[in-house]
Structure formats: structure tokens, C-alpha cells
Amino acid sequence: SRSYQVSATPVTMLAHLIVVAVAALVLVWLLHFEEGFAFKAANKIKILNVHTFLMIVGFILIAGEAIMAYKTIPAKRKVQKAGHLMLHLIALGAGVLGVYTAFKYKHESGGKDMVTLHSWLGMITICLFGLQWVLGFFSYVFPGSEMSARASYMPWHVFGGMFIFFLAICTAQTGLLQRFKTLNQEGLIVNFTGLLLVLFAIGVGLSAVLPRGY
Ligand code: ASC
């Protein structure tokens, strides 16, 4: 009997479209419906908006693109690997800065740190993400393990990466819930951002596990 191979290509293309849609929704939300961005401001919501932007666009969308790099970068494997590494480093930088702005917002608005499920999930996520990057770097880049060790770590690297990415999506959902006020235009944008992030998780996960098209 005939067998069929589903390639990553269409889901990866869908995931790219979701990146554009989520980035657009988040910008419209934070710049139009909310009060925009600032690191220093009397209106502390502007600092919270920086946190939200850095986590969704800088951390989640860029990390998703990093996971898909082996399917999307039209170049030699070495270049794809460099892209995977660098995009994850950019995501990590945005994530750490995003966590910093969350603390800055809480302190300046007179709240207590680390009390919500969102903050706990987020702290776990960013720590695991940093650990995963360091383990990947030492195993696969510098100085690099011997080839047999690289191969036996690979399923753990892949599963760990997908698990941490899923945890980041869960953290975003709890963060979006905290920012939801009422189901008006803005509320719809917030909820649709959450739905699109679920679809993005599916798209990124399938892009990673499905074979590339020929
Ligand atoms: C690497 C690399 C891979 C893996 C492979 C072991 O450093 O680029 O593709 O390790 O050699 O699975």
C-alpha cells in the first residue's frame, strides 16, 4: 500500500503568518488601546506594556522562529545552526530584559514580587530556557561534545526545547488573563492573541518534528 509523508512546509508557512498577525495585534493593542511604551514613566502601565511586548514578540515569536530555523533558513546546515543559536540568544536577551521590566513595574507601582502563577511559571520558563541554551551551546557549539554524546543528547534537547516553548506559551496565557479587562475591542484583541499563540505552539511543534519538504 502507498504511504504518505506530510512535510513541515505548509505548517511552517502558517506559523510565519501567525508571527506577523500576533506582532500586529500586540502593537495595535499596546500602542492604540493601551498607552504605549516607556522604561521611565509616571504612568507605570507603559512599563508593563514594555514587558508584554518583550515577552510576546521578543521572546516567544523569536524563539519560535529559532526552533523552526532548520526548516526555514535556505542555506547550509552550519548557517541554519548559527541562525538557530543566534535567534535563541536574541530571544533570551529579550526575555531577561522582559523579566527585568516586570520587576521594575511591580516595584514602581508598589506591588509585591512573585505572587502570581504567571510570575512563577515565567520564572521557571526563563531559567529553563537559559539552562537549555547553555547546555546546547556547550554540547553542540563550544567546545562541543564528542559526536556520540551529541547524538544521545539530541532527543533531550528537542523534547526539552519544545517543553520549555510550551511552558512559555502557558505563561503568556496567564499573563494575557491578568491584562484582560472586559470583552470590548481591546478584550477581543487580547483573547485572539492568546488563541493565535496556541496555534503558533502547534505550528512550531509540528515544524520541528515533521520532515522538510523536497
Ligand atoms: C551537532 C550538530 C548536529 C548534531 C549531530 C548529533 O553539533 O550540528 O546535527 O550535533 O551531530 O545528533
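One-based numbering, in listed order, for ligands and for the atoms of each. This one's a predicted model, so the numbers in the text were calculated from it and none came from an experiment.
- The shortest contact between atom 11 (O) of ligand 1 and any protein heavy atom is with Met147 SD, 3.7 Å.
- Remark: minimum distance from atom 9 (O) of ligand 1 to any protein heavy atom is reached at Arg77 NH2, 2.7 Å.
- Between Tyr140 and Tyr153, a ring centre-to-centre spacing shorter than 6.0 Å is recorded.
- Among protein heavy atoms, atom 10 (O) of ligand 1 sits closest to Tyr140 CD2, 3.2 Å.
- Under the 3.5 Å distance criterion, with hydrogens and angles disregarded, a donor-acceptor pair is assigned to the side chains of Thr52 and Arg179.
- The protein atom (non-hydrogen) at minimum distance from atom 2 (C) of ligand 1 is Lys81 NZ, 3.6 Å.
- Looking at atom 5 (C) of ligand 1, its nearest protein heavy atom turns out to be Arg150 CB, 4.5 Å.
- Side-chain contact check for His16 and Glu65: at least one donor-acceptor pair (N or O, by modelled atom type) lies under 3.5 Å.
- Between His84 and His88, the ring planes lie perpendicular to each other; the angle is over 60°, past the 30° to 60° tilted range.
- Between Lys181 and Val190 there is no side-chain heavy-atom pair separated by less than 4.5 Å.
- Ring geometry for Phe142 versus Phe137: interplanar angle of 30 to 60°, hence tilted.
- For atom 4 (C) of ligand 1, the nearest non-hydrogen atom of the protein is Met154 CE, 3.8 Å.
- Protein heavy atom in closest approach to atom 12 (O) of ligand 1: Ala151 CA, 3.3 Å.
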